[in-house]
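Atoms within each ligand, like the ligands themselves, are counted from 1 in listed order. Values below: every heavy atom of this structure, side chains too, minus hydrogens, waters and symmetry copies.
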Amino acid sequence: MKSDVKLFENGRRLDGRKPDELRKIKIEVGVLHRAEGSCYLEWGNNKILAAVYGPREAIPRHTQNPLRAIVNARYNMAAFSVDERKRPGPDRRSREISKVISEALENVILVEKFPRATIDVNIEVLDAEAGTRCAGLTAAAVALVDAGIPMRDIPVACAAGKIEDQVVLDLGKEEDNYGSADLPVAISPRTNEILLLQMDGHLTVEEFDKALDLAIKGCHIVSEFQKKAILEKYRHIPKEVG
Ligand code: UDP
């Protein structure tokens with residue numbers, strides 16, 4: 001993916017960020033009143049809504065697992081979320097992202113507490129600017145907390161990548177288009193266990209180690225934003241009357 005587009009100038013990236021700097025993140029908890037739990041997240045120009053329904057009985061019954069809940073994450077990119085209108089509905093990419101996010105969440109949710117149930121996690125990308133699977137998983141994790149779903153930890157995701165021979169954190173749109181590698185990572189921040197790891201492009205083993213390290217550092221920063229947003233909603237003690 002080499003190109004003539006200049007992604008670095010005087011040690012700064014196109015949007016003025018340093019190599020190890022994240023885009024701006026804003027998280028709001030409990031934005032939908034019909035969902036059990038929800039989250040609205042802005043990450044750079046990504047705008048994402050996550051809504052959790054359940055645990056509820058899995059239907060049709062043949063989908064039920066008698067020993068545990070199934071986690072059914074559905075990632076959807078709105079037709080208007082990208083430059084070139086996306087054809088509505090699921091495609092190969094959205095199915096793949098839904099699958100990897102479902103599997104990542106399944107590993108932290110205490111699924112054995114809810115036999116025969118399903119936990120549905122809807123991730124709607126309203127505005128996309130690269131890194132939506134990480135932003136979607138991060139929003140879904142907050143919505144799961146809001147829904148009161150018991151989890152071992154609050155999962156979180158962040159990508160690192162390579163542009164012009166430098167390893168950088170959290171690729172933006174042009175960096176994703178013209179850079180040479182993208183490495184989305186999701187972890188359980190308490191243990192640093194890896195829940196999702198994908199790679200697009202090429203890196204040397206040294207660069208891979210560096211990018212993985214950087215992505216995990218990014219995850220820990222994003223994790224603080226998640227916790228702050230959750231506390232913001234739940235620390236309010238009702239005011240005394242009179
Ligand atoms: N994208 C797009 N049209 C599509 C799919 C993706 O314009 O049908 C853009 C979108 O901005 C997305 C970016 O390409 O965020 C990178 O997509 P990728 O598949 O790498 O996933 P992401 O980085 O969003 O997790």
Do [X] and [Y] make a side-chain contact, defined as non-hydrogen atoms from C-beta onward lying under 4.5 Å apart?
X      : Y      : answer
Pro155 : Leu137 : yes
Arg56  : Thr118 : yes
Arg17  : Asp170 : yes

*Judged by non-hydrogen atoms, does Ala130 sit under 4.0 Å from ligand 1?*
yes
*asked:* Yes or no: does Asp176 have any heavy atom under 4.0 Å from an atom of ligand 1?
replied: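 Right, Asp176 reaches ligand 1.
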*Under 4.0 Å to a heavy atom of Ala128 - the qualifying atoms of ligand 1, by number*: 10 (C), 11 (O)
*Counting from 1, what ligand 1 atoms have a heavy atom of Lys173 closer than 4.0 Å?*
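It comes down to these atoms of ligand 1: 9 (C), 11 (O), 14 (O).
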*Looking only at heavy atoms, is any part of Met77 under 4.0 Å from ligand 1, and if so is it the side chain, the backbone, or both, or is it neither?*
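Side chain only; the backbone of Met77 stays clear of ligand 1.
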*Do me a favour and list the nearest non-hydrogen protein atom to atom 8 (O) of ligand 1 with residue, atom name and distance?*
Lys86 CG, 3.9 Å
_Residue, atom name and distance, where the atom is the protein heavy atom closest to atom 19 (O) of ligand 1_ =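 So the nearest neighbour among protein heavy atoms is Arg93 NE, 2.7 Å.
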*Can we say Arg116 and Glu57 salt-bridge, meaning some charged N sits less than 4.0 Å from an Asp/Glu carboxylate O?*
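No, this pair does not count.
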_Lys217/Asp20 ion pair, N-O < 4.0 Å_ =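 No, Lys217 and Asp20 are not salt-bridged.
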*asked:* Testing Lys173, Lys47, Arg23 one by one against Glu129 for a side chain to side chain donor-acceptor pair (under 3.5 Å), which residue passes?
replied: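 Testing Glu129 for a side chain to side chain donor-acceptor pair (under 3.5 Å) against Lys173, Lys47, Arg23 leaves exactly one candidate, Arg23.
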_My understanding is that we take every heavy atom of each candidate and find the minimum distance to atom 24 (O) of ligand 1. Doing that for Asp127, Val82, Thr132, Ile97, which one comes out nearest?_
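Ranked by closest heavy atom to atom 24 (O) of ligand 1, first place is Thr132.
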*Which option, Cys134, Gly131, Ala79, owns the non-hydrogen atom nearest atom 23 (O) of ligand 1?*
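Nearest heavy atom to atom 23 (O) of ligand 1 lies in Gly131.
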*Apply the test side chain to side chain donor-acceptor pair (under 3.5 Å) to residues Thr132 and Tyr75: give CA-CA distance (whole Å), side-chain angles for both, the deciding distance (0.1 Å), then the verdict.*
CA-CA 9 Å; Thr132 57; Tyr75 165 103; 2.7 Å; yes
